[in-house]
Amino acid sequence: MLELAGVSKRFGGVVATDSVTLAVASGEVHALIGPNGAGKTTLIGQISGALGVDDGAIRFLGQDITRARQHQRVRAGLARSYQITSIFRRFSVLDNLALAVQARSGSSFAFWRPVAREAALFDEARGLAREVGLGERLEVLAGNLAHGEQRALEVALALATQPKLVLLDEPMAGMGPEDSQRMIALIARIREQVTVLLVEHDMDAVFRLADRITVLVNGRVIATGAPEAIRTHPEVMRAYLGDELAA
Amino acid sequence: MRPFLLPLVLLVLAGAFPFAMHAMDQGFYISFATRVLIYAMAAASLNLVLGYGGMVSFGHAAFFGAGAYIVGILAVEGVTSAWIAWPLAVLVAALAALVIGAISLRTRGVYFIMITLAFAQMMYYVFVSLKAYGGDDGLSLPARSQVGFGIDLRNDFTWYFLVLALLAATLYLLHRLVNARFGRVIVAIRENETRAAAVGYPVYRYKLVCFMISGAIAGLAGALIANQTNYVSPALLHWITSGTLMIMVILGGVGRFWGGPVGAAVLLTLEEMISGSAALGPWALHWQLPVGVVLLAVVLFAPQGIAGLLGGKRHA
Amino acid sequence: MTWILFLEQSLNSLQFGLMLFLLAAGLTLVFGIMDMINLAHGSLYMIGAYFMATFAGATGSFWLALPLALAATAVVGAVLEISLLRRLYERDHLTQVLATFAIILIANEVVRIVWGPQSLMLNAPAGLTGPITLPGGMQYASYRMVIIAVGAVVALLLYLLVTKTRVGMLVRAGASNREMAIAMGVDIRRLFTAVFALGAALAALAGAMLGPILAVEVGMGENILILAFVVIVIGGIGSIRGAFVGALLVGMVDTMGRALVPIAFAEIFSPQAASNLGPSLSSILIYVLMAAVLFLRPQGLFPARG
């Protein structure tokens, strides 16, 4: 579904992503792991269209999207959630989701009809909220949600655009054990409908959910494969997992 | 019907106002009130792009003044029909907003503020240099625009009601706009532009259209101000005028629906009360001083403006 | 277009550019270090000119009045910063724009109340009112040469201050990374007040020096303020070097433009076109320059911020 070939990004003298080649197959949960500063978020930015590609190409569903704008990629079915929560804090949960649904259902260059009358938008928004466990929190302002709920909203916003592939950037960031379990269950549920590229530090989640894992160190891919292969891969252990597994 | 109660009451009061003034033999205030209504429209247009859209445009006077000059130039050239001049003013203002917005919206933050300011100054200098149309001294119009149907706009009463009708219509259209899909998206972009883009909105396009609509309305207000005093001057495009419009929006409540009109009313009334006060004697000339102090106080201590203090709902 | 005219306009550009630099330097420092847009900087320029005119009238001496005016304006600047402006550092740019705009209104009225509405007389120092003969035989106003000299010397001193002294290093550190400067234990509050007072003094110097050439009147600050902003946007916010290059560039484009464009128009089109379009075209040249710079290098020519 998604193919990266030799994708690179440089910021001045710093090479953030270095000739990254990886493929995400349709229907799988593909995890992207690596130490802090490995370039994971940069790569996600390049895939979603927020950042440019200096070298290499990105293909999505067979189309070359290397130069496509962000909103075009979203329309094509590629959605992303953010590592640092990026929601509409002063809108309610319901309005947050309704806005996302609105983006993909027709033009918003509509100046006359009140949005409040568009029941379909809000019904779909309610459904999304329920799916991520926010069904009882619809009227709460997004900024007033608990951290775990905000992360769930992040995921819901990505899902609202009805994507085929969703990029989840550290959905469990800053979560306690209970919230993490809920998020793992959520991802396990949504994988039935969407392909997932998951960036995470939480190894428990990664090994429970992932079909395949790619390891990124210093912007370079050092290993790709099934979880068991990665777990025992010598270079990976040395560079990254060694400390985690020993602990 | 409930949400329209306040506007209806205001409309009725506004409608009764000139009759009351005439009865009290204070005819001058009808002209003053008309001026307030026109600036209410201009401020409301700025509130759309600044309050709802979050775009700090420091060059809004460019559209206001451009609209005024179109009417002025056409009048001097013999085209006095409002049906031609006013739509043309709106169109030219919208086009100016398209060009200025297309370039400025590629920047953000303080650069956006500076570049809108610069463009407005450019337009100011262009009009100052039009010696044929008054240049620095400005341009006098022979008379107010002709509307036909036997309506004579030279009558201050008639003029007042026409302006009131246009303002009411504009505010109604704005009301529909901010509650429609477009309005929601604009506010969402203001709240979190990254997220709006990530959800699939072509953000630049929406901002540009918002900018254009705002400019167009300012152009209409400009057409009206030209008629109000039968005079246009480059000062209408000066950045101080842009600043004045911003003061109105802030005083009234940025991002709140009535922010523009409330701010215009308060500022102009304050100005009128102080500068026209016999009791203050020569000190009345220095009305800008208390205005500055009030503005400073509002900015520092009551950023939600007067409409906010009175409990106006912040859109989203 | 004669050689002499070109030389004269070049000197005028230099003179204007250096004065613009004095104004822009204070503005860019405040913007770069305190992240504050200060529209009232033009008011400090105006107050400097007014103080200068008053002290020159009282003492009868230009050169005696100058340091007095600078000191007085620096004090005004410091008081303004301590009492009012430091509340704005944490606020958003719109708030700063509006608050400092309010200060412009207040300052203009206060000046009108204290000094009256008419413009003040400020004369060039005695002995410098005539022309000076330059090598090559050209005549140039001696006072303008003095402005160039003063401007160049102050620019050099400022450069040395910012690059060679410890204080200057703190200023540069603050401009590029405020949090780091705080973490390094710098007394931020005092540094800010000092920077602001320095900027005020520089603005006053520009106002005092330009007073004999331009009019000392209420509102003089607003006209030149916008040019100063164009300078720092072109030069890069927070950068003294950028302000210098930007100011010379703007000074040159503006001065040369006003002189040359009407001439060029008269040659290429007609004298009619020259007098109609010439002035407006030359006025908008600097804005075109700014738009071009923003388009090609959005951070300005020498961005201070990393």
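These numbers were taken from a predicted model, which means no experiment stands behind them. Only this structure's heavy atoms are used, side chains among them; waters, hydrogens and symmetry mates stay out. Quick note on labels: first sequence line is chain A, next is B, and so on, each numbered from 1.
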Partner chain B: residue of A/R104, A/Q102, A/R89, A/R113 with the largest heavy-atom pair count (under 4.5 Å):
A/Q102
Are any non-hydrogen side-chain atoms of A/K164 and A/V194 less than 4.5 angstrom apart?
no
Would you mind reporting whether B/P7 and B/F257 have side-chain heavy atoms less than 4.5 Å apart?
no
Could you tell me whether A/Q63 atom CD has more than 12 heavy atoms of other residues or ligands within 6.0 Å of it?
no
Lys/Arg N to Asp/Glu carboxylate O, A/R137 vs A/E149, below 4.0 Å:
yes
Quick check: does any side chain N or O of B/N192 sit under 3.5 Å from a backbone N or O of A/I87, one acting as donor and the other as acceptor?
yes
Answer yes or no: is there a side-chain heavy-atom contact under 4.5 Å between A/L168 and A/Y82?
no
Using a 4.5 angstrom heavy-atom cutoff, name the option from A/A158, A/S105, A/A116, A/P163 with the most pairs to chain B.
A/S105
Is it the backbone or the side chain of A/T85 that comes under 4.5 Å from a heavy atom of chain B, or both, or neither?
neither
I'd like to know if the side chain of B/T116 and the backbone of B/F58 have a donor-acceptor N/O pair within less than 3.5 Å.
yes
Residue, of A/T161, A/L99, A/L141, A/D95, that accumulates the most heavy atom pairs under 4.5 Å with chain B:
A/L99
Partner chain B: residue of A/S81, A/A160, A/A50, A/S107 with the largest heavy-atom pair count (under 4.5 Å):
A/S107
Could you tell me if A/T41 and A/Q83 have a donor-acceptor pair between their side chains, going purely by distance under 3.5 Å?
yes
Contact class of A/E118 relative to chain B, heavy atoms under 4.5 angstrom:
side chain
Using a heavy-atom cutoff of under 4.5 Å, enumerate the residues of residues 197-213 of chain B that contact chain A, numbered in order, or state 'none'.
B/A197, B/A198, B/V199, B/G200, B/Y201, B/P202, B/R205, B/Y206, B/V209, B/I213
Looking at A/G49, A/A98, A/A100, which one has more heavy-atom pairs under 4.5 Å with chain B than the rest?
A/A100
Give a yes or no on whether a salt bridge exists between A/D55 and A/R10, defined as a side-chain N under 4.0 angstrom from a carboxylate O.
yes
Main-chain N/O of B/G101 paired with B/R106 side-chain donor or acceptor, under 3.5 Å:
no
Would you say the ring centroid of B/F119 lies under 6.0 angstrom from that of B/F63?
no
With the side chain counted from C-beta on, respond yes when B/I38 and B/N227 share a heavy-atom pair under 4.5 Å apart, and no when they do not.
no
A/D64 bridged to A/R59 by N-O distance under 4.0 Å:
no
Chain B contacts: which residues in residues 73-80 of chain A have a non-hydrogen atom closer than 4.5 Å to it?
A/V74, A/R75, A/R80
Interface moiety of A/S48 toward chain B, non-hydrogen atoms closer than 4.5 Å
neither
